[in-house]
J.: 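One structure follows; several queries about it will come next.
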There are 2 protein chains.
Amino acid sequence: MAIPTIEWADGRIRLIDQTLLPNEFKQIYCDNVESVWEAIKSLRVRGAPAIGIAAALGAVLGIWKSEATNYDDFVSELKRVADYLATSRPTAVNLFWALERIKQTAAKQKHLEISELKKTLLDEALQIVEEDKSMCRAIGQHGLELVHNGDTILTHCNAGGLATSDYGTALAVMFAAHEAGKNISVYADETRPLLQGARLTTWELMQAGIDVTLICDNMAAQVMKEGKIQSIVVGADRIAANGDTANKIGTYGVAVLAKEHEIPFYVAAPTSTLDLSLETGDGIPIEQRAAEEVTEGFGKRIAPQGVKVYSPAFDVTPARLITAIITEKGIARPPYEIRLKELVAS
Amino acid sequence: MAIPTIEWADGRIRLIDQTLLPNEFKQIYCDNVESVWEAIKSLRVRGAPAIGIAAALGAVLGIWKSEATNYDDFVSELKRVADYLATSRPTAVNLFWALERIKQTAAKQKHLEISELKKTLLDEALQIVEEDKSMCRAIGQHGLELVHNGDTILTHCNAGGLATSDYGTALAVMFAAHEAGKNISVYADETRPLLQGARLTTWELMQAGIDVTLICDNMAAQVMKEGKIQSIVVGADRIAANGDTANKIGTYGVAVLAKEHEIPFYVAAPTSTLDLSLETGDGIPIEQRAAEEVTEGFGKRIAPQGVKVYSPAFDVTPARLITAIITEKGIARPPYEIRLKELVAS
């Protein structure tokens, strides 16, 4: 992406307000930790890796003007800021991973002056951004072997440059294939309720010059049945030790359909999305979103007043439906338990 | 329904404009066959049985002011009107069935004066409306045995009173169960792109006092996985001789998910929806709808200008995924070939 999804800008955070895309391209500034929390909660910045970056930069922003004069006070303040940011969204593990990394950095730097410590934490957050960029490129390169010339790939939600600092996870595979000269096409599920597929994935792919066709989520089965799809690639918000994968609501259904149509189903995600503390996906908390995102999402009420709504933001795809997991360190295939541990350790 | 979905009103057709629901309840008049064609095409009236009724009444409206003075001229005119109405939508067979029935009635009444013939055709169209009402009630009664006290049923699109003259097909099963004192709940898929589930099914069920929860289409898999659903009941637009069933796009995906979760999947439809001339569903034409229904459906553009869209209005669920077909003449179970023929003949 020519313009970064999210970046540190001289004591503030600048990010693309993704709720306005594709109708309006606008960068907004977050001047305090509350506005970072709000930007994550309301999906101005979204996608597991980008949420991690927002959290890391947000934690630094939260203590950037700290007036603490000793280490203990400063670290208490950092902990409060991190705990607060951790309440913004429950499912993507990158959020907690990034906050933990910032806290760990502080824990290791007791000897520094507060002003130096602030800079060290900022460096660590910027390091996460840089690592994210390399990680995305590496996922794209590893994924290359799974994409063949002439393939049409289906994806769900947006795991693109907008979901990361730069290049994406699931879309990285497509960008890399396209850049490697492979002729590919993409079907993008619109991804209700907030339409990240319709608004963001189509936009990114069109900008990259990749052939993309938009469908409603409920058309994916028919498109597969017609033989149009050679593989499915999606992102992830949290992956348990056994390979069970939480991702945007609807992913699990796509995986079931892939199995029915014997289409390979790939998850592309950095190892920071792995949560080896969870044996299976059963332990992954699933965020519930407000009814209005379903009933009034697009400037018009589409359901009767007072109707009950059930709106889980994510679902968990069991490992048995996942053909492979593409990480920045290589590809994992079932059984995942051993290979995922190896990748994390490598 | 207290107010009929569609009715003959003294030389005009009055119908509920379903594109405005649930925000606005408005009846509109069709004064000529062109406005009936437009009402069908733009889904002001929709649902296979209601489309059949609109076509029958529309054909009568088209020749109501005919100035033909002899039988042959009159029948030519009727044929032109019917051929024109037949171009409004391609998938629901009830449209062609109803037009054929009006033409057949004319063919049998050569001896009548033109003015008498007009009245006879109107009587036939009104007869279709009356039969539709009894048919819906009978589907509800036959379906009763498949619904148990405490069941939660998932449905897709709207196969309710608004899809028929009165009581519905899939929803008839729910209305009948509720009226029989069974405690049931319903999950309604919103049904993109035109949201008939969000707009119409929730509205009808809430009016009937039935507990209903709205979900996005891509949440159905998760709801099934959570064990919330005991059965699935949907309508049909055309059923081939082997039981393959065309219905609103997304139905096929729901059927695959039902199989994965071992949930019975029922189709509720009148025998007028059967097309025994087609051996399998492969021969059913699938209407493609305009891209704007996907990209601008919510009163706001939700995708980049110029994005490609694929938007089939229907899909075909193979008979192997259908547990039973509930008709007004009884329940058919696999293998469907013989039983469906028997039901049509009975």
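It should be emphasised that the depicted structure is a prediction, and the values quoted were computed from it without experimental measurement. Naming: A, B, ... by sequence-line order, numbering from 1 per chain.
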J.: Sort out for me which of B:Leu205, B:Ile215, B:Asp189 touches chain A most, counting heavy-atom pairs under 4.5 Å.
T.: B:Ile215
J.: Determine the minimum heavy-atom distance between A:Ala221 and B:Gly253, stating which atoms define it.
T.: CB-CA, 3.6 Å
J.: Among A:Val256, A:Leu200, A:Thr191, who wins on heavy-atom pairs under 4.5 Å with chain B?
T.: A:Val256
J.: Could you tell me which of B:Leu21, B:Thr251, B:Val294 has the largest number of non-hydrogen atom pairs under 4.5 Å with chain A?
T.: B:Val294
J.: Specify which of A:Lys248, A:Met219, A:Gln222 makes the most heavy-atom pairs with chain B at under 4.5 Å.
T.: A:Met219
J.: Using the rule given for side-chain contact (heavy atoms from CB on, under 4.5 Å), can you reason through A:Met206 versus B:Val307, listing the C-alpha separation, both sets of side-chain angles and the distance that settles it, and then say yes or no?
T.: CA-CA 8 Å; A:Met206 286 168 81; B:Val307 68; 3.9 Å; yes
J.: Which residue out of A:Glu190, A:Lys300, A:Met224 racks up the most heavy-atom pairs below 4.5 Å with chain B?
T.: A:Glu190
J.: From B:Gln305 CD over to A:Trp203 CH2, what is the distance, rounded to the nearest 0.5 angstrom?
T.: 14.5 Å
J.: Do you know which of B:Leu257, B:Asp315, B:Ile302 has the most heavy-atom pairs under 4.5 Å to chain A?
T.: B:Ile302
J.: Ignoring hydrogens and angles, tell me if any N or O in the side chain of A:Asn218 forms a donor-acceptor pair with the backbone of B:Arg192 under 3.5 Å.
T.: yes
J.: Would you call B:Val309 and A:Thr213 a side-chain contact if the rule is heavy atoms closer than 4.5 Å?
T.: no
J.: Any chance the side chains of A:Glu260 and B:Tyr252 put a donor and an acceptor closer than 3.5 Å?
T.: no
J.: Can you tell me which portion of B:Pro304 sits under 4.5 Å from chain A's heavy atoms? Options are side chain, backbone, both or neither.
T.: both
J.: Surrounding CD of A:Glu279 (heavy atoms of other residues, nucleotides or ligands, distance under 6.0 Å), is the total greater than 12?
T.: no
J.: Considering only heavy atoms and a distance below 4.5 Å, find which of A:Ile286, A:Thr201, A:Asp211 pairs most often with chain B.
T.: A:Asp211
J.: Just give me the residue among B:Ser311, B:Ala220, B:Cys216 that pairs up with chain A most often, heavy atom to heavy atom, under 4.5 Å.
T.: B:Cys216
J.: Does A:Tyr310 have B:Lys228 sitting over its ring (NZ/CZ under 6.0 Å from centre, angle to axis within 45°)?
T.: yes
J.: Could you tell me which of A:Val254, A:Val223, A:Thr295, A:Val316 has the largest number of non-hydrogen atom pairs under 4.5 Å with chain B?
T.: A:Val316
J.: So for B:Asp217, is it side chain, backbone, both, or neither that comes closer than 4.5 Å to the heavy atoms of chain A?
T.: side chain
J.: In terms of heavy-atom contacts, does CD of B:Glu262 have more than 12 from other residues, nucleotides or ligands at under 6.0 Å?
T.: no
J.: Considering only heavy atoms and a distance below 4.5 Å, find which of A:His156, A:Arg199, A:Lys225 pairs most often with chain B.
T.: A:Lys225
